[in-house]
**Q** 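So that we are looking at the same thing, I have put the structure below in structure tokens.
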Amino acid sequence: MEHATGLVLPNSGHNRDAEASKMGMWLFLFTELLLFGGLFLVYMVYRMLNAEAFLLASFELNIALGTINTVVLLVSSMTIAMAITAIQKGDRKTSVLLLYVTVALSLVFMVIKFFEWSAKINYGYFPGMEVYQNLPAGESLFFFLYFFMTSLHALHVIIGAVFIAVVIYRTNKGFVTAEKYTLTENAGLYWHLVDLIWIFLFPLLYLIH
Amino acid sequence: MTTATTDLNFFQVKRGLFSWIFSIDHKRIGLLYLYSLMTFFLVGVTLGVLMRLELLNPGKDIMEAQTYNQVFTLHGVIMIFLFIIPSIPAVFGNFFLPIMLGTDDVSFPRLNLLSWWIYIIGSIMALSTLVFGDGPADTGWTFYVPFSVNTTTNVTMSVLAAFVLGFSSILTGLNFIVTIHRLRAPGMSFMKMPLFAWSLYATSWIQLLATPIIGITLMMIVAERFFGVGLFDPSIGGDPILYQHLFWIYSHPAVYIMALPAFGIISELLPTFSQRTIFGYTAIAFSSLAIAFVGYFVWGHHMFTSGMSGTGRIVFSIMTFLVAIPTAIKVFNWVATLYKGSINVQPPLLYALAFIFLFSIGGLSGLVLGALATDIHLHDTYFVVGHFHYVMFGGTGFAFFGALHYWFPKIWGKMYNITVANIAFVIFFIGFNVLYFPMLVVGLMGMPRRYYDYLPEFHIPNMISTFGSWILVTGLLLMLGNLVAGLFNGKKTGRNPWNSISLEWQTPSPPPLANFDKLPELPEGGPYNYKND
Amino acid sequence: MNTGASTFSQGVDLSLYIITGISLFFLIGITVVMIYFVIRYNKKRNPKATNIEGNFTLEVVWTVIPTLLVILMFYYGWMGYKPMRQVPDNAMEITVYGQMWKFSFEYPDGRITDTLVVPINQPVKLNLVARDVLHSFYVPAFRVKEDMVPGKDNFLWFEANREGRYDVLCAEYCGMLHSFMLSSITVVNQNAYDEWLTAAPIVTDEHPGLAILKQNACLTCHSQDGSKIIGPSFKGVYGRTQLVETNGETREILVDDEYITRSIYEPNADIVQGYMRGLMISYENIISEEQVADIIDYMKTLK
Amino acid sequence: MEHKNEQPNEAQGHHISSYKEHFSTLAALLLLTVLTVAVSVFGADLRSLSVATALLIATIKALVVAYYFMHLKYEHKLYRWLLLVVVLLFVLFLVVTSIEYLNR
Ligand code: HEA
Ligand code: HEA
Ligand code: CUA
Ligand SMILES: [Cu+2]
């Protein structure tokens with residue numbers, strides 16, 4: 001805190017304010033929603049303009065892998081929610097364990113995603129590749145959006161995992177306690193957002209047949 | 001109640017460059033913004049004056065066509081993203097919002113510093129195109145595809161800069177919203193909050209919810225330039241018009257990011273200088289929210305000639321007219337605030353009055369553009385250029401300088417020379433109109449914008465306009481010179497030279513680091529309740 | 001504003017006058033009241049202010065009246081615009097091509113011109129085709145403007161009702177010479193138009209290659225006298241060796257038939273040193289191979 | 001105007017969700033996932049109907065995540081309002097854009 005001297009106001013911006021950090025986190029999540037929202041808008045318009053092509057292209061995606069990944073994310077959402085419960089109850093060990101599980105699940109998600117991507121890239125569906133350039137009108141747009149949306153989402157998965165790793169570190173150091181667990185809560189909120197986005201990406205990309 | 005143990009003001013607590021650029025004090029961050037912003041503003045206006053010089057006569061005057069295109073693009077990018085979007089919130093919002101709420105800082109002081117750094121990085125990126133790569137973008141600040149994807153100039157860097165600047169804008173907005181929710185002084189309910197805070201609240205919501213859209217859109221341009229997939233290419237099922245939709249979904253709300261804080265400033269200046277309550281507090285407060293909300297759904301009025309569907313055009317035209325209503329309400333309430341006041345004519349008030357006049361011209365010319373028939377004729381002509389300079393410069397710009405004159409004694413504890421300030425104002429005001437009014441005229445005659453060269457029949461208005469730019473330069477230099485002189489050898493002022501009852505005037509000038517030396521007292525019966533009975 | 005010369009001008013001008021009229025009323029009203037208050041309630045005259053919190057009736061009044069007025073403005077704007085999208089059945093159709101930085105017009109009989117000649121009182125529908133980037137077809141005197149979007153159909157129609165020559169301007173920024181992208185429409189009476197139509201295309205002893213260059217706006221970027229505009233000059237180009245950049249590598253190349261053909265069909269394959277990539281579009285579907293042969297033939301004459 | 005309780009407040013105390021509650025939430029979400037995949041795989045010829053169901057189920061899932069995992073249910077009502085406004089805004093973007101495109 002920069003000012004040691006002087007008047008201390010009851011509503012000081014330098015007070016620890018858990019509610020403020022949580023509110024800040026929510027507001028940040030709103031911006032994330034609209035960031036992806038822009039992409040969903042593009043998706044909607046292009047699907048409207050190229051309904052058949054999008055349908056055909058979506059058959060190329062692997063529903064099984066998509067479903068597994070959905071389950072992975074849902075479970076990880078639960079584990080981090082439980083980690084919050086644990087820390088609220090003062091059970092630091094369980095909390096950290098659950099956070100580890102969450103990070104592990106995020107890795108599982110990324111590995112599966114990686115295999116999915118490389119399969120597509122092997123086919124040549126990546127923007128700029130030979131096969132991609134010769135795709136029928138509309139299908140290439142689908143694959144562009146597929147890569148754009150899933151990689152932006154994957155970026156969020158990575159950021160989320162790093163965020164959780166920080167929480168683990170801070171919890172182990174004893175900075176996160178039963179009275180002061182906003183950090184865990186915020187990591188949880190962020191992680192749930194990652195899940196939320198996927199909940200919409202999954203049907204829009206894989207399922208709409 | 002504790003009292004200050006020291007009389008140091010926030011300038012004196014620490015010294016040295018690092019105590020500034022790593023400060024988390026909202027007042028210092030506000031000033032950091034002020035200095036950097038004014039620097040970029042001077043770059044931007046210099047480009048503006050150069051453009052006017054080129055347009056003095058038809059044919060080549062001082063630069064090549066390509067240079068001209070780059071100049072107006074850079075002018076637009078600087079003015080929009082580096083100057084006017086951050087202007088009032090980042091400078092005066094940062095400095096005064098916490099004080100007006102009766103607290104000592106924003107909710108997230110460190111985040112606040114981070115947004116300034118992001119702003120600086122983004123600005124340097126934008127300006128770096130002058131030096132690196134194939135020169136500044138030549139696309140216009142709208143970056144319309146497919147041209148922005150084809151051209152060889154450094155569009156990628158300009159676009160990334162706008163992306164980075166967007167982050168800064170989002171973080172500031174986020175910070176303000178939380179601050180307003182969490183840190184109001186005990187007893188200050190939302191309905192007792194100063195109107196400047198209200199306008200910042202509405203602005204922040206736009207920053208928060210519209211900026212991500214431009215972020216993702218600009219990323220698409222970058223992806224296009226790298227992979228060349230033809231995301232907006234109709235031959236593979238894309239649609240170039242979709243880009244315009246995405247761009248304006250952000251950029252129309254963005255014009256209210258520019259305008260709303262200015263409305264807040266005017267709502268502060270008028271009560272102070274007429275020494276009475278504001279007329280229609282509730283109407284002014286809620287019209288800000290109404291503008292913010294309705295303003296999200298009018299973006300299509302920039303695209304009336306793009307080949308949109310007929311229904312689309314009609315919907316967007318109606319919405320455009322609707323968004324003018326809350327603005328009209330504000331204007332009427334402001335004028336009514338002067339009624340039976342005890343009006344003290346000082347430079348800040350002159351700027352406020354000029355604001356009402358100039359912004360009305362700008363806004364009313366906006367109505368001409370909002371109507372379908374007339375916009376078909378006037379779209380992308382100098383009429384539009386006239387319109388937006390009136391609202392942005394005549395509106396927000398004048399409010400910015402009004403605020404600077406108003407809060408100058410508070411920030412620095414000194415007073416500039418009032419007479420010189422008045423003279424500068426008059427020159428500034430005249431120059432402004434001589435510069436921009438001919439643009440409306442030449443637009444009606446049919447001169448398109450972004451024209452390096454023009455037909456002979458447009459010569460006279462263009463010439464007058466260029467003369468106007470010289471008058472304006474004189475006024476601006478005189479004004480800034482006067483302020484700088486005031487900084488060095490202005491007379492010391494007390495806490496409250498304008499005799500206002502707003503909270504920021506209860507503390508010493510300049511304020512101490514903790515903002516107050518005694519607990520601030522909220523005025524009884526509302527923020528503008530002058531004791532007149 | 002210049003006097004209108006089409007059937008739309010009346011509707012557009014009417015809505016302009018109505019909106020401007022209402023606007024002036026408010027602008028002058030607000031300004032006068034404001035100045036009056038500042039003088040009348042100046043602190044010298046009125047040392048003690050009166051607090052007035054607001055007045056509900058007034059708020060309602062100044063919400064409702066502007067609302068009604070803007071609906072009126074919208075209505076006139078809409079009415080002035082409505083006919084612009086309803087093309088009469090008897091309209092004659094002409095295709096307009098926009099490309100950096102030239103308009104060209106294709107008549108139903110296949111003739112291609114730089115400027116438009118139309119008969120008076122005859123609806124004309126223009127199909128707008130952009131070949132490279134966005135352009136906008138703007139005729140101030142007719143109060144019409146519509147964007148030309150590459151790959152998408154768009155149109156515009158008008159009926160001129162005054163004889164004369166009117167400017168056509170490009171109103172959507174399209175790159176370096178945007179402001180030079182001009183043309184004109186000449187409105188003539190029916191007789192003169194028929195005469196113009198039946199007059200055999202002016203026979204000149206122009207080289208067929210030159211005609212093709214003119215038609216396709218090549219000469220806006222390529223000079224014939226050695227000066228550099230946007231692309232390299234055609235003077236002496238044939239048979240010369242020059243440095244080009246291919247896939248990022250610089251190599252020396254002889255300008256021969258094959259190279260010129262490639263330059264026209266795939267202009268971005270080899271970039272002449274000192275020039276910009278991406279400016280010239282591919283003429284693959286626009287200029288036939290015989291025409292390219294003519295062009296090459298003509299280039300050989302430019303020594 | 002009185003604004004009692006207008007602000008979310010720490011003093012209100014925090015709700016602690018039980019492990020069991022989280023577990024049931026997950027079960028519900030998994031069930032919905034199975035459902036949406038099933039509709040898509042077996043109901044492929046339903047076409048636009050299956051799009052609607054997929055989006056409907058996704059929305060329900062999103063709400064479940066927000067309400068239970070993200071504690072929205074136990075938060076001050078301000079948060080629900082804000083979320084509602086944000087989502088409404090986004091949906092209106094989609095609606096207005098589709099109005100434009102569907103009438104081309
Ligand atoms: C500060 C920024 C700002 C603000 C506040 C506004 C405000 C408005 N703008 Fe403007 N506008 C821009 C910045 C701004 N604009 C920019 C930068 C562009 C160009 C972008 C580009 O292409 O580069 C633009 C372009 C633009 C266009 C597109 C033109 C074109 O390209 O074809 C249109 C069309 O509808 C428009 C309309 C309006 C309207 C109706 C308002 C309204 O909000 C105005 C409301 C105000 C008033 C009405 C005046 C005050 C009221 C009274 C005096 C009372 C009487 C009123 C009534 C009876 C209603 N603007
Ligand atoms: C806040 C926003 C803002 C401001 C303040 C201005 C200010 C000015 N603008 Fe701006 N303008 C825009 C925003 C703004 N502009 C935007 C967004 C565009 C659209 C770009 C596009 O099409 O993409 C535009 C486009 C635009 C055009 C149209 C270009 C075209 O379409 O071809 C013109 C033409 O005259 C112009 C002129 C000017 C002038 C003369 C000023 C003057 O106000 C400048 C006045 C100058 C001074 C008052 C003082 C100058 C001081 C000095 C020279 C001294 C310097 C000293 C030191 C460095 C110590 N501008
Ligand atoms: Cu073509 Cu501008
Ligand atoms: Cu707008």
**Q** What part of C/Glu53 is in contact with chain B, defined as an atom under 4.5 angstrom from a non-hydrogen atom: side chain, backbone, both or neither?
**A** both
**Q** Applying ring pair (Phe, Tyr, Trp, His ring centres under 6.0 Å), can you list everything that pairs with C/Trp157, at least two apart in sequence or on another chain?
**A** C/Phe8
**Q** Does any heavy atom of chain B fall under 4.5 Å from the side chain of C/Thr67, the backbone, both, or neither of them?
**A** both
**Q** Given the options B/Pro146, B/Ala65, B/Ser235, which has more heavy-atom pairs under 4.5 Å with chain C than any of the others?
**A** B/Pro146
**Q** Mind checking what makes ring pair (Phe, Tyr, Trp, His ring centres under 6.0 Å) contact with B/Tyr339, not counting sequence neighbours?
**A**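 Counting only residues at least two positions away or on another chain, B/Tyr339 forms a ring pair (Phe, Tyr, Trp, His ring centres under 6.0 Å) with C/Phe37, C/Tyr41.
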**Q** Given heavy-atom pairs under 4.5 angstrom as the criterion, report whether the side chain, backbone, both or neither of C/Tyr138 touches chain B.
**A**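 Only the side chain of C/Tyr138 comes within 4.5 Å of chain B.
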**Q** Taking the side chain from C/Asn51 and the backbone from B/Lys531, do they hold a donor-acceptor pair closer than 3.5 Å?
**A** no
**Q** Heavy-atom pairs under 4.5 Å with chain C - which of B/Asp239, B/Thr67, B/Leu322, B/Asp233 has more of them than the others?
**A** B/Asp239
**Q** Check whether C/Phe180 gets within reach of chain B through its side chain, its backbone, both or neither, counting any heavy atom under 4.5 Å.
**A** side chain
**Q** For chain B, find which of C/Ile22, C/Ile71, C/Ile30 contributes the most heavy-atom pairs closer than 4.5 angstrom.
**A**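 Going by pairs under 4.5 Å, I would pick C/Ile30.
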**Q** Which atoms of C/Leu58 are under 4.5 Å from chain B, going by heavy atoms: the side chain, the backbone, both sets, or neither?
**A** side chain
**Q** Side chain, backbone, both or neither: which part of B/Val145 has a heavy atom under 4.5 Å from chain C?
**A** backbone
**Q** Using only atom types and a distance under 3.5 Å, with no angle test, would you say the side chain of C/Ser179 pairs donor to acceptor with the backbone of B/Tyr451?
**A** no
**Q** Between atom OG of B/Ser317 and atom CE of C/Met73, what is the distance when rounded to the nearest 0.5 Å?
**A**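 Result: 11.5 Å between the selected atoms.
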**Q** Determine the option with the most heavy-atom pairs under 4.5 angstrom with chain B, choosing from C/Thr63, C/Asn46, C/Ile39.
**A**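 Ranked by heavy-atom pairs under 4.5 Å with chain B, first place is C/Asn46.
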**Q** Can you tell which part of C/Leu182 gets under 4.5 Å to a heavy atom of chain B, answering side chain, backbone, both or neither?
**A**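 Just its side chain gets close to chain B.
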**Q** More than 12 heavy atoms of other residues, nucleotides or ligands under 6.0 Å from CD of B/Glu524: is that the case?
**A** no
**Q** Is there a donor-acceptor contact under 3.5 Å from the side chain of B/Tyr452 to the main chain of C/Met176?
**A**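 Not at all, since once roles are kept as given, no pair shorter than 3.5 Å links the two residues.
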**Q** Distance from B/Phe383 atom CZ to C/Leu16 atom CG, nearest 0.5 Å?
**A**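 It comes to 7.0 Å.
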**Q** At a heavy-atom separation under 4.5 Å, does B/Ile325 approach chain C through its side chain, its backbone, both, or neither?
**A** side chain
**Q** Can you say whether B/Phe72 sits under 4.5 Å from chain C via the side chain, the backbone, both, or neither, judging by heavy atoms?
**A**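 B/Phe72 touches chain C through side-chain heavy atoms alone.
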**Q** Working to the nearest 0.5 angstrom, can you tell me the gap between B/Ser360 OG and C/Ile28 CD1?
**A**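 So the gap between those two atoms works out to 12.0 Å.
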**Q** Can you tell me which portion of B/Ile361 sits under 4.5 Å from chain C's heavy atoms? Options are side chain, backbone, both or neither.
**A** both
**Q** Nearest 0.5 Å, what's the CD-NZ distance between B/Gln275 and C/Lys48?
**A**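 Reported value, rounded in 0.5 Å steps: 9.0 Å.
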**Q** Looking at chain C, which one of B/Ser274, B/Ser365, B/Gly307, B/Gly310 has the largest number of heavy-atom pairs inside 4.5 Å, strictly under?
**A** B/Gly307
**Q** Are any of the side-chain heavy atoms of C/Leu134 and B/Phe147 separated by less than 4.5 Å?
**A** no
**Q** Please round to the nearest 0.5 Å and tell me the distance separating atom CG of B/Leu378 and atom CZ of C/Arg143.
**A** 9.0 Å
**Q** Any idea how B/Phe332 and C/Phe26 line up, ring-wise: parallel (<30°), tilted (30 to 60°), or perpendicular (>60°)?
**A** tilted
**Q** Using non-hydrogen atoms only, which part of C/Asn154 is less than 4.5 Å away from chain B: side chain, backbone, both, or neither?
**A**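 For C/Asn154, side-chain heavy atoms alone lie under 4.5 Å from chain B.
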**Q** Which atoms of B/Glu457 are under 4.5 Å from chain C, going by heavy atoms: the side chain, the backbone, both sets, or neither?
**A** side chain
**Q** Are C/His178 and B/Arg449 close enough, and set up right, to give a side-chain contact (heavy atoms from CB on, under 4.5 Å), and what steps lead you there?
**A** CA-CA 10 Å; C/His178 163 58; B/Arg449 63 192 278 207; over 6 Å; no
**Q** With only heavy atoms counted, which part of C/Val144 is less than 4.5 Å from chain B, the side chain, the backbone, both or neither?
**A** backbone
**Q** Check B/Gly446 against C/Pro140 and note the closest heavy-atom contact, atom names and distance.
**A**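 The pair with the smallest heavy-atom distance is O-CG, 3.9 Å.
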**Q** Hey, does C/Glu59 have a side-chain heavy atom less than 4.5 Å from the side chain of B/Phe279?
**A** yes
**Q** Would you indicate whether the side-chain heavy atoms of B/Ile318 and C/Trp78 approach each other to under 4.5 Å?
**A** no
**Q** Counting heavy-atom pairs under 4.5 Å with chain C, which one of B/Ile376, B/Thr374, B/Asp380 comes out on top?
**A** B/Ile376
**Q** Flag the pair B/Asp138 / C/Tyr173 as yes when at least one side-chain heavy-atom distance between them is below 4.5 Å, and no otherwise.
**A** yes
**Q** Scan side-chain atoms only and decide if B/Thr305 and C/Asp147 contain a donor-acceptor pair under the 3.5 Å cut-off.
**A** yes
**Q** What part of C/Asn55 is in contact with chain B, defined as an atom under 4.5 angstrom from a non-hydrogen atom: side chain, backbone, both or neither?
**A**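 Both backbone and side chain.
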**Q** So which of B/Ser342, B/Pro234, B/Pro448 has the largest heavy-atom pair count under 4.5 angstrom toward chain C?
**A** B/Ser342
**Q** Report which part of B/Val335 has an atom under 4.5 Å of a heavy atom belonging to chain C: side chain, backbone, both, or neither.
**A** both
**Q** Among B/Leu367, B/Val368, B/Asn344, B/Asn333, which has the most heavy-atom pairs under 4.5 Å with chain C?
**A** B/Asn333
**Q** So, taking the atom named OG1 in C/Thr50 and the one named CZ in B/Arg276, what distance separates them when rounded to the nearest 0.5 Å?
**A** 7.5 Å
**Q** Run the side chain to side chain donor-acceptor pair (under 3.5 Å) check on B/Asp375 and C/Tyr81 step by step: do they pass?
**A** CA-CA 9 Å; B/Asp375 185 68; C/Tyr81 148 86; over 6 Å; no
**Q** Name the region of C/Met84, side chain, backbone, both or neither, that has any atom closer than 4.5 Å to a heavy atom of chain B.
**A** side chain
**Q** For the interface with chain B, which of C/Asp167, C/Leu177, C/Thr20, C/Leu24 has the highest count of heavy-atom pairs at distances below 4.5 Å?
**A** C/Asp167
